[in-house]
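Atoms considered below: every heavy atom in the structure, side chains included; atoms not considered: hydrogens, waters and symmetry mates.
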Amino acid sequence: QDKEKLEICKLNDPPSAETVKDMIKYARNVIEEFRRAKQYKYILCLILTPVVELLEICELSLDKMGAVFEDSNVYMLHMMYQAMGVCLYVQDWEGALCYGQKIIRPYSKHYPSYSLNVASMWLKLGRLYMALKNRMAGVKALKRAIAIMEVAHGKDHPYISEIKKELEDR
């Protein structure tokens with residue numbers, strides 16, 4: 001699966017090995033910057049860097065990496081996940097949903113069938129759909145999350161009961 005996880009754009013003139021190597025180095029540096037920001041509880045970063053700028057950093061990085069990497073590339077997915085997190089923080093539900101929709105298919109391909117990472121993304125998508133008044137898509141996404149979680153955690157797990165209650169209440 002490593003080849004799929006590091007998918008390069010299919011272009012008439014493919015990027016050189018050096019370009020790919022440079023882009024991987026760039027992606028790792030940007031990801032490390034976000035990790036450091038999280039280590040400082042994200043707040044220091046927010047004080048020093050307005051949230052809008054964090055989203056701009058994500059978007060600029062995605063544009064730059066997108067010239068070389070496919071959306072299913074792990075570096076692209078990581079940056080999309082960061083952008084989704086920023087959108088959630090500022091309550092930009094449409095933006096978060098857009099990133100989540102781009103993430104879910106590659107996650108489902110890269111992770112095992114009953115991965116909690118995939119379940120977590122379905123859960124986020126379900127709640128976003130519900131918040132945006134798309135009940136049908138929300139219910140479908142939440143049921144997908146439940147199906148994975150029932151295998152991973154067992155049918156009687158409190159998380160599952162909580163999500164089922166959420167569905168009943170809506």
Q: In sequence, state the C-alpha distance, the side-chain angles, and the governing distance for Val30 and Tyr75, and then conclude on side chain to side chain contact (heavy atoms under 4.5 Å, CB included).
A: CA-CA 10 Å; Val30 170; Tyr75 296 113; over 6 Å; no
Q) Could you walk me through whether Gln101 and Tyr129 pass the side chain to side chain donor-acceptor pair (under 3.5 Å) check? A) CA-CA 11 Å; Gln101 289 169 327; Tyr129 282 124; 2.8 Å; yes
Q: Carefully, step by step, assess Asn134 and Met130 under the rule side chain to side chain contact (heavy atoms under 4.5 Å, CB included).
A: CA-CA 5 Å; Asn134 186 344; Met130 293 295 209; over 6 Å; no
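Side-chain contact between Pro14 and Ile8 is absent, with no heavy-atom pair separated by less than 4.5 Å. When side chains are defined from C-beta on, Leu62 counts as touching Tyr99, because their heavy atoms get closer than 4.5 Å. Between Lys25 and Asn29, some side-chain heavy-atom pair lies under the 4.5 Å cut-off. Side-chain contact between Cys9 and Phe69: absent, with no pair of heavy atoms (C-beta onward) separated by less than 4.5 Å. Counting heavy atoms from C-beta on, the side chains of Ile148 and Ser115 never come closer than 4.5 Å. Put simply, the side chain of Tyr114 does not reach to within 4.5 Å of the side chain of Met149, judged on heavy atoms. Within the 4.5 Å cutoff, the side chain of Val20 has no heavy atoms near those of the Leu6 side chain.
In this structure, Met121 and Gly100 approach most closely via the heavy-atom pair SD-CA, 4.1 Å. Closest heavy-atom contact between Lys64 and Met23: O-CE, 3.5 Å. Here the closest non-hydrogen pair linking Tyr107 and Val118 is O-CG2, 3.6 Å. Closest non-hydrogen pair, Met65 versus Ala27, comes out as SD-CB, 3.3 Å. Here the closest heavy-atom approach between residue Leu167 and residue Leu142 is recorded as CD2-CD1, 3.6 Å. Closest heavy-atom contact between Gly154 and Ile160: O-CD1, 3.0 Å.
Interatomic distance, CE of Met80 versus CE of Met76, reported as 5.0 Å (0.5 Å rounding). The line from CH2 of Trp93 to SG of Cys98 is 15.5 Å long, rounded to the nearest 0.5 Å. Rounding to the nearest 0.5 Å gives a distance of 10.0 Å between NZ of Lys109 and CG of Leu77. Here CD1 of Ile146 is found 8.5 Å from CG of Leu123. Values are rounded to the nearest 0.5 Å. How far CZ of Arg28 is from CD1 of Ile24: 6.0 Å, rounded to the nearest 0.5 Å. We find the CE-CD1 distance between Met79 and Ile103 to be 11.0 Å, quoted to the nearest 0.5 Å.
Within a 6.0 Å radius of NZ in Lys102, no more than 12 heavy atoms belonging to other residues, nucleotides or ligands are found. Residue Asp156 qualifies as open at atom CG: its count of foreign heavy atoms under 6.0 Å is 12 or below. Counting non-hydrogen atoms of other residues, nucleotides and ligands closer than 6.0 Å to CG of Asp13 gives a total of 12 or fewer.
Here the side chain of Ser108 pairs a donor or acceptor atom with the backbone of Ile104 at under 3.5 angstrom. The main-chain N or O of Ile57 is found under 3.5 Å from a side-chain atom of Ser61 such that the two form a donor-acceptor pair. Side-chain N or O atoms of His110 include one that pairs as donor or acceptor with a backbone N or O of Ser72 at under 3.5 Å.
Under 4.0 Å is where a charged nitrogen must lie from a carboxylate oxygen, and between Glu150 and Lys164 at least one such pair does.
Ring orientation note: the planes of Tyr159 and His157 are tilted relative to one another, at an angle of 30° to 60°.
Residues Met84 and Leu132 are members of one and the same hydrophobic cluster, defined by side-chain heavy-atom contacts under 4.5 angstrom among Ile, Leu, Val, Met, Phe, Trp and Tyr. At a threshold of 4.5 Å between side-chain heavy atoms, the hydrophobic network of Ile, Leu, Val, Met, Phe, Trp and Tyr places Val139 and Leu97 in two separate groups. Trp122 and Val151 fall within the same hydrophobic cluster, defined by Ile, Leu, Val, Met, Phe, Trp and Tyr side-chain heavy atoms under 4.5 Å apart, directly or through other members. Linking ILVMFWY side-chain heavy atoms closer than 4.5 Å, directly or via other members, places Leu125 and Leu116 in two distinct hydrophobic clusters.
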